[in-house]
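The shown structure was predicted, so the numbers you read here are calculated from the model rather than taken from an experiment.
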Amino acid sequence: MVAKIITPPPDDWSPRTRGPRFPRTPPRAWLIGVPLLLIGAGFFYWWFVQRVEVRTGDVLVLVRKVGAPLPVDLRGSDGAAGDVSQQVVLYPALLKKLGEAANSTKYKGIMFAPVSEGRHFYDPFFWERRIEHAININSDEIGILIRKFGRSLPPGKTVAMEDDERGPEVEVLKPGRYNINSYAYEIRRVKPVIIPAGQVGIQTLYAGREPANPNDYIVAAGERGVQPDVLPPGMYYNNPYVRRLDLIDVRSHTLDLHGDDAIRFPSNDSFQIVVDATVEYAIRQDLAPYVVVAVGTHDDIRDKLILPHARSLCRIEGSKLHARDFISGDTRTVFQKRVFEGLREQSYAQGIEIRATLIRRIVPPTEIAGPISDRQVAEQQIKQYEYEIKLAEAEARLGEQQEQQKQNQALGQASREVVSVVKEAEQHKSVALTEAAQRLEVAKLNLEAARQTAAALVSRGTAEADVLRLNYQAEAKPLGEAVAAFGDGQTYAQFFFYQKLAPALKSVLASTDGPFADVFRALSEPRQDEARRGVPGSALQDVRDAGGRP
């Protein structure tokens with residue numbers, strides 16, 4: 001048999017390390033990787049778990065999950081004990097009683113102030129995050145805030161005026177957007193009160209001071225009850241828990257008293273008289289609250305005020321007259337005036353202004369109506385005849401006045417013609433005198449202009465002569481001084497001549513071209529030829545014999 005060779009295992013071998021081996025991680029890598037891993041996990045938790053995105057138009061309501069529970073027995077500033085353990089909203093007044101700041105997170109419960117839109121970070125283990133819609137009040141409504149937290153209102157109180165009271169608040173929410181915690185407040189939407197033209201608003205305060213005289217119809221301003229001031233036409237954001245507004249029409253109203261409402265009373269001679277009347281009235285604005293409380297609506301004004309007063313006045317005034325007096329127009333006018341004045345005086349003190357009272361019909365008794373009517377017809381006929389006589393007399397006077405007017409018109413026309421002719425002649429005369437005066441003034445102006453023109457011509461001629469004389473003197477003076485410098489005029493003339501002639505001679509003599517140069521050239525060339533030939537007597541030879549230069 002062949003013996004088996006057994007290879008010993010390595011030193012670090014053990015049954016637990018059997019299988020594939022991995023490289024060992026250096027300790028430095030653990031020191032760097034673990035913190036980075038923790039930071040990444042923290043960022044992930046912070047960004048994806050704690051982050052809350054509140055969109056536009058929403059709010060974030062936070063509920064504290066951890067913390068101490070609210071105490072059961074808590075004494076307020078007045079020493080009264082109260083159980084606040086039933087409260088779920090940590091409102092500022094409650095935290096102040098507990099000795100904590102308004103944003104304290106010591107106790108569990110719903111935070112009072114919501115968080116507006118944006119990006120926020122709250123740990124869900126500590127906070128319950130609830131996203132609610134913001135409150136939008138439309139333009140045709142207002143909002144009433146009703147608190148869900150705090151202690152209950154005492155009896156007789158309708159609004160929460162203290163920080164720790166539960167119930168409706170005094171202030172209203174006008175149209176707009178509001179970030180409100182729906183767990184702390186309930187929003188009641190109501191319409192604004194619109195007082196149309198011709199009406200006023202009667203105010204009744206539910207919240208205010210105790211009235212000094214609670215039995216009066218109208219209390220003082222600011223006291224609880226009907227206020228003395230009225231609101232004019234307009235739109236008002238009224239809180240119905242604080243104030244009630246009743247509308248009353250203060251325009252003119254007409255009340256017809258006829259049929260069953262006709263006024264019936266006995267005359268002085270015991271005849272039954274029936275009167276149909278119309279009364280125009282209006283409520284006084286300064287006493288409108290009193291009228292609404294003490295009297296009531298317009299139906300109450302009719303039944304409780306105007307009808308009783310009108311009937312009593314008609315009975316009082318009608319009992320002073322006989323039945324036949326109501327048929328005469330003058331007596332009816334006096335009767336109507338007395339009834340109107342008495343009704344206006346009695347109603348004005350109670351807040352009603354009587355603007356007119358018209359007696360439309362008076363029905364006298366039938367047994368006296370016929371004879372009285374016949375007598376009145378006869379009286380009317382007599383008055384008619386008298387009127388016709390007066391009319392005829394007036395027509396006669398009118399005819400006389402018309403003839404007199406025609407005569408006066410003829411005389412006036414003649415006078416106007418005479419005046420017109422005289423005025424026309426005076427106007428022609430005035431025009432002629434005016435034209436003559438204008439022509440005279442024009443002639444005077446032309447004469448003065450001619451004189452001024454002549455004087456200007458003489459002045460201009462004198463000036464021109466002086467200018468010429470001065471110019472000649474200026475030219476002659478240098479010439480005289482030059483002649484005096486040369487001694488006489490002939491010498492100066494020769495100098496002037498030579499001065500003018502010298503430049504011309506110089507240019508002629510200096511030029512090698514031209515006719516004058518040809519003359520000298522012709523004279524010099526024969527002599528040069530003779531000299532070259534040696535001919536005696538030449539000009540060149542003569543010069544040389546004389547010892548001069550050619």
Side-chain angles (χ1 to χ4, degrees), residues 198-200 202 216-218 226 228-230 232 248-366 368-369 372-373 375-376 379-380 383:
Q199 298 185 12
V200 295
I202 309 301
D216 291 345
Y217 289 114
I218 308 298
V226 180
D229 299 329
V230 297
I248 188 69
D249 195 341
V250 294
R251 294 173 294 184
S252 295
H253 290 257
T254 301
L255 178 60
D256 292 328
L257 304 178
H258 62 87
D260 295 338
D261 294 333
I263 301 174
R264 294 174 171 81
F265 58 91
S267 63
N268 191 20
D269 47 3
S270 301
F271 287 100
Q272 186 73 15
I273 306 297
V274 180
V275 175
D276 290 346
T278 299
V279 179
E280 181 184 357
Y281 73 95
I283 298 176
R284 292 173 52 187
Q285 291 193 22
D286 56 338
L287 292 181
Y290 172 81
V291 173
V292 172
V293 177
V295 181
T297 62
H298 285 279
D299 292 338
D300 297 327
I301 294 173
R302 171 182 174 275
D303 297 334
K304 298 179 181 179
L305 193 65
I306 295 180
L307 275 177
H309 288 341
R311 288 170 178 169
S312 63
L313 287 171
C314 287
R315 290 190 180 97
I316 292 172
E317 297 297 332
S319 62
K320 299 177 183 178
L321 302 175
H322 293 84
R324 64 177 181 272
D325 296 333
F326 291 99
I327 302 177
S328 174
D330 297 337
T331 308
R332 289 178 57 177
T333 304
V334 174
F335 174 75
Q336 176 177 330
K337 182 178 180 181
R338 290 177 179 176
V339 171
F340 170 70
E341 292 178 352
L343 184 60
R344 181 178 61 179
E345 182 179 354
Q346 293 180 7
S347 300
Y348 191 81
Q350 299 187 28
I352 304 299
E353 179 184 359
I354 303 298
R355 295 183 176 178
T357 300
L358 175 63
I359 304 297
R360 295 187 289 108
R361 189 170 68 98
I362 297 180
V363 182
T366 56
I368 66 171
I372 294 176
S373 177
R375 186 183 67 180
Q376 288 185 346
E379 292 176 354
Q380 292 295 330
K383 291 181 179 179

For residues Leu343 and Ala310, report the shortest heavy-atom separation together with the two atoms involved.
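Shortest heavy-atom separation between Leu343 and Ala310 comes out as CD1-N, 3.9 Å.
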Could you report the tightest heavy-atom contact between Tyr281 and His298, atom names first, then the distance?
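Taking Tyr281 first and His298 second, the nearest heavy atoms are OH-ND1, 3.2 Å.
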Walk me through whether Ile283 and Ile352 qualify under side-chain contact (heavy atoms from CB on, under 4.5 Å).
CA-CA 5 Å; Ile283 298 176; Ile352 304 299; 4.0 Å; yes
Counting only heavy atoms not in Arg338 (residues, nucleotides, ligands), do more than 12 fall under 6.0 Å from its CZ?
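Check fails, neighbour count at 12 or below.
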Can you confirm whether more than 12 heavy atoms, excluding those of Glu280, are under 6.0 Å from its CD atom?
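Yes.
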Could you go through His309 and Gln350, starting from their C-alpha distance and side-chain angles, then the distance that decides it, and tell me whether this counts as side-chain contact (heavy atoms from CB on, under 4.5 Å)?
CA-CA 12 Å; His309 288 341; Gln350 299 187 28; 3.7 Å; yes
Salt-bridge contact Lys320-Glu317 (side-chain N to carboxylate O under 4.0 Å):
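Salt bridge flag = yes for Glu317 with Lys320.
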Do Pro289 and Tyr217 have side chains that approach each other closer than 4.5 Å (heavy atoms only, starting at C-beta)?
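The answer is no; the side chains never approach within 4.5 Å.
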With the side chain counted from C-beta on, respond yes when Ile248 and Val291 share a heavy-atom pair under 4.5 Å apart, and no when they do not.
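No, their side chains stay 4.5 Å or more apart.
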Working to the nearest 0.5 angstrom, can you tell me the gap between [X] [atom1] and [Y] [atom2]?
X: Gln346; Y: Glu341; atom1: CD; atom2: CD; answer: 12.5 Å
X: Arg355; Y: Ser347; atom1: CZ; atom2: OG; answer: 13.0 Å
X: Ile306; Y: Asp300; atom1: CD1; atom2: CG; answer: 11.5 Å
X: Ile354; Y: Arg344; atom1: CD1; atom2: CZ; answer: 10.0 Å

Identify the residue among Ile263, Asp276, Val274, Thr278 that makes a side-chain contact (heavy atoms from CB on, under 4.5 Å) with His258.
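Testing each of Ile263, Asp276, Val274, Thr278 against His258, the sole residue satisfying side-chain contact (heavy atoms from CB on, under 4.5 Å) is Asp276.
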Can Leu307 and Arg302 be said to form a side-chain contact (heavy atoms from CB on, under 4.5 Å), step by step?
CA-CA 6 Å; Leu307 275 177; Arg302 171 182 174 275; 4.2 Å; yes
Show your working on side-chain contact (heavy atoms from CB on, under 4.5 Å) between Ile202 and Val230 and close with a plain yes or no.
CA-CA 5 Å; Ile202 309 301; Val230 297; 3.8 Å; yes
